[in-house]
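Order of appearance sets the numbers: ligands from 1, and atoms from 1 within every ligand.
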Amino acid sequence: MTNYLHGFIPEEQQRLIDQAGFLTPLIYPRIDFVGCKKILEIGCGVGAQTAKLLELFPEAHITCVDNSETQLAKAKENLSFAGDRVSFILQDAMNFDLPEQYDGVYICWVLEHISEPLKVFRSLKPYLKSGVKIWITEVFNSTFYYYPNGIHMDAYYEKYNKYQLACGGNPDIGANIGNLLFQAEFDNIQLFPGGFHLDRRESKYLFDFLQFWKTLMKSGSQGMLEAGLITQRDIELMERDVDNIYANENSVFYYRFVQAYATIQ
Ligand SMILES: C[S@@+](CC[C@H](N)C(=O)[O-])C[C@H]1O[C@@H](n2cnc3c(N)ncnc32)[C@H](O)[C@@H]1O
């Protein structure tokens, strides 16, 4: 099977916008493209992260690459305010054929969907200027811990991750980013842990996060339903277990993602 875990329906496209906004405080403190004039964003989706990059790095032009026409069409619409500061290329990141070289590369929640991520790095190298800044943010789903435990959430999460693997992706790609950059012979590779450890100390944030988590879990549901892996009832029970986390005075929600930096000299 070579499906895309999240699909391309309008609700999913809106989820990417909401997700980018919600996770901004966790993702962007470290991202540094100061001095970069040409940033390549790989797997731009609907341009949710692009909008943030445009705001943070006003000197940069961003070239958005995605292999989905549907996503790129929406990205063009969402980024129309940016005029000639953005351009768009429909292309498979495992087989780049780009018009120029870049001094910045941005990848966020993309390699987890790609069957051969090493190909992305190798195929990218001819299009990188010396001293390029590469920033990557990726999932590490095995780090997820929550309390109180729910059998339906557990079962759903296991199927969600297996479905991502069946789609050709890797829900734990964050763990292997350092190895992949090393194998592709990048320089000055650095890894940083990111994520959240939420509990009742920040009740409102925990609540909002659990709503976000349900939406994220459901983003895989269309394909999982079609593949016969889950039923509508499983989705409802998963959501009930997530609501139960909030209802407990000892609730915990813990998850790590991985950020990576690399360059070439
Ligand atoms: C989860 S979305 C993330 C989008 C965006 N980076 C964000 O954070 O909002 C992953 C995106 O990667 C794109 N993608 C998946 N495989 C790709 C490939 N082989 N080449 C280019 N884009 C790809 C998908 O079409 C999708 O738009």
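Taking CD1 of I42 as the start and CG of N67 as the end, the distance is 11.5 Å to the nearest 0.5 Å.
Ring to ring, Y160 and Y163 are not that close: their centroids are 6.0 angstrom or more apart. Side-chain rings of F253 and F144 approach one another, their centers coming within less than 6.0 Å.
Atoms of ligand 1 found under 4.0 Å from any heavy atom of F8, numbered from 1 in the order shown, are 25 (O). Against a heavy-atom cut-off of under 4.0 Å, S68 is close to the following atoms of ligand 1: 25 (O). Listed by number with element, the atoms of ligand 1 under 4.0 Å from a non-hydrogen atom of Q91 are 20 (N), 21 (C). Close approach of ligand 1 to D92 is summarised as follows: ligand atoms under 4.0 Å from at least one heavy atom of the residue are 18 (C), 19 (N), 20 (N). When each atom of ligand 1 is checked for a heavy atom of W109 under 4.0 Å away, the hits are 1 (C), 2 (S), 3 (C), 8 (O), 10 (C). Close contacts of ligand 1 with A93, meaning ligand atoms under 4.0 Å from a residue heavy atom, involve 18 (C), 19 (N), 20 (N), 21 (C). If you number the atoms of ligand 1 from 1 as listed, the ones under 4.0 Å from a heavy atom of Q49 come out as 7 (C), 8 (O), 9 (O). The atoms of ligand 1 that sit less than 4.0 Å from any heavy atom of G45 are 4 (C), 27 (O).
Contact check on R240 versus E236 returns no salt bridge, with no Lys/Arg side-chain nitrogen under 4.0 Å from an Asp/Glu carboxylate oxygen.
The only option from N244, L237, D234 that meets the side chain to side chain contact (heavy atoms under 4.5 Å, CB included) definition with H152 turns out to be L237.
By the neighbour-count criterion of 12 heavy atoms within 6.0 Å, atom CD of Q190 is densely surrounded, having more than that number from other residues, nucleotides or ligands.
Remark: among candidates N95, T50, N67, the nearest residue to atom 22 (N) of ligand 1 is N67, based on non-hydrogen atoms. Here the shortest heavy-atom distance to atom 5 (C) of ligand 1, taken over G168, S219, G43, belongs to G43.
Counted by atom type alone, Q211 and K214 present one or more donor-acceptor pairs between their side chains at under 3.5 Å. T263 and N188 form no side-chain donor-acceptor contact under 3.5 Å, judged by distance and modelled atom types alone. Of the N and O atoms on the side chains of S251 and Y146, not one donor lies less than 3.5 Å from an acceptor on the other residue.
Checked against a 3.5 angstrom limit, the closest N/O atoms of V110 and ligand 1 fall outside it.
Within the 4.0 Å heavy-atom criterion, neither part of A20 lies near ligand 1.
Regarding atom 24 (C) of ligand 1, its nearest protein heavy-atom neighbour is D66 OD1, 3.5 Å.
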